[in-house]
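Step one of this worksheet: look at the structure below.
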There are 2 protein chains.
Amino acid sequence: MYVSARTDYAVRAMLSVTAEHPRLVKAATLAAAQEIPLSFLQGILLDLRRAGLLHSHRGVDGGYALARPAEEITVGDVVRAVGGALATVRGLPTTHATYHGAAFGLHDVWVAVEEAIEGVVDHKTLAELSTIKESA
Amino acid sequence: MYVSARTDYAVRAMLSVTAEHPRLVKAATLAAAQEIPLSFLQGILLDLRRAGLLHSHRGVDGGYALARPAEEITVGDVVRAVGGALATVRGLPTTHATYHGAAFGLHDVWVAVEEAIEGVVDHKTLAELSTIKESA
DNA sequence: GCGTAAGCCTATCTAGTAGATAGGAATGAT
DNA sequence: ATCATTCCTATCTACTAGATAGGCTTACGC
């Protein structure tokens, strides 16, 4: 029930890339636009590329672009790419938690919580989110 | 999206108290039953009492009991008593997170996630959970 | 009363890790 | 060749979750 800075940065960066689609955006540009430490962001972008969400290009005029249409990338995809499981109990997947005695039923609660989170993040696409604009 | 040991312990302890209702249960008994470090548990029980969820009694034959019927205590009550907000972004409440530029719409996502979690934990009572038994 | 068993409370320790940084190697365009 | 950029690894630092220790306070029995 804690969204890490890493996760938050990742989604923000992806949305910034979405806004420039299909142009390539430099890591430095993203860092400035969303006020993210550059070195930290580079590691995050690497994860996103390895997860198949971003395409990267090196050298002069290099940068990052979405590997798939914004309509086909959900917030859940991004969160999982950088943070692993959506919900964890003491660092372990919810399904891995086992309880005994009076607490036996607790397992079901954590699983239900995870499914509730999935219900939200797996249905919000970057395309949807990028249509929401800051009102002046 | 991380359930801390403290939160997990708190719910387990509450369920153990529920099972003995309305008898008083000693902290040491709870610790043994749910395999929770005693000293750590004592701090948690203190929080639960201060939140008005537990009644405590000192001295010989002292212990803890539910301050309200199990039907009127939800998992959400317990989580909030020991952990503060249900969902946080980089340690801050979801409502406190502000975004600019392309990431503006992200705020709504985190809020929706928190509401989804609330929908689960605020409707599961200790009474319901305590009816789920371990099958032999 | 006095002793004992329990909860109450504060201070503290420790280890893990989130967050951030640095520096160089690989790559691609001009 | 050179420069700009991504790629990758190693590392640092500060925070805090998790756990511990020890003394204080309350309640009951004798």
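What you see is a predicted model, and the numbers here were worked out from it, not measured in a lab. Chain identifiers are assigned alphabetically (A, B, ...) following the order of the sequence lines, protein sequences preceding nucleic acid strands; residue numbering begins at 1 within each chain. Values below: all heavy atoms of this structure, side chains included; hydrogens, waters and symmetry mates excluded.
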Q. Rounding to a whole Å, what distance do you find between B/Leu30:CG and C/dA6:P?
A. 13 Å
(Q) Given C/dG7, D/dT6, D/dC28, identify the nucleotide with an atom nearest to the side chain of B/Val60. (A) D/dC28
**Q.** Shortest side-chain distance from A/Ala27, nucleotide among D/dC28, D/dT6, C/dA20
**A.** D/dT6
Q. Any donor-acceptor pair under 3.5 Å between the side chain of A/Arg58 and the base of C/dA26?
A. yes
Q) Which one, D/dA21, D/dA27, D/dT6, comes nearest to the side chain of B/Ser39? A) D/dA21
Q) When you match B/Val25 and A/Ala5 each to their closest nucleotide on DNA chain C, which lands nearer the 5' end? A) B/Val25
Q. Going by an N to O cut-off under 4.0 Å, is there a salt bridge joining A/Arg80 and A/Asp122?
A. yes
Q) Side chain of B/Ser4: nearest nucleotide among D/dG18, C/dA29, D/dT6? A) D/dG18
**Q.** Student check: side-chain heavy atoms of A/Leu30 and A/Ile36 closer than 4.5 Å
**A.** no
Q | Sub-4.0 Å heavy-atom contacts from residues 40-52 of chain B onto DNA chain C, ordered by number | A | B/Leu46, B/Arg49, B/Arg50
**Q.** the helix from C/dG1-D/dC30 to C/dT30-D/dA1: angle between end helix axes, five pairs per end, rounded to 10 degrees
**A.** 10°
Q) Do B/Arg6 and B/Asp47 come within less than 4.5 Å of each other through their side chains, counting heavy atoms only? A) yes
Q. Hey, is the main chain of A/Val3 close enough, under 3.5 Å, to the side chain of A/Thr7 for a donor-acceptor pair?
A. no
Q: Please answer whether the main-chain N or O of A/Thr74 pairs with a side-chain N or O of A/Asp77 as donor and acceptor at a distance below 3.5 Å.
A: yes
Q.
As a test of understanding, state which of A/His107, A/Glu115, A/Glu114 forms a side chain to side chain donor-acceptor pair (under 3.5 Å) with A/Thr94.
A. A/Glu114
Q: Please examine the side chains of A/Asp8 and B/Tyr99, heavy atoms only from C-beta on, and report whether any two atoms are closer than 4.5 Å.
A: yes
Q) If you take all heavy atoms of B/Arg12 and A/Ala103, which pair is closest and at what distance? A) CG-CB, 3.5 Å
**Q.** N/O (side chain, A/Tyr9) to phosphate O (OP1/OP2, C/dG19) under 4.0 Å
**A.** no
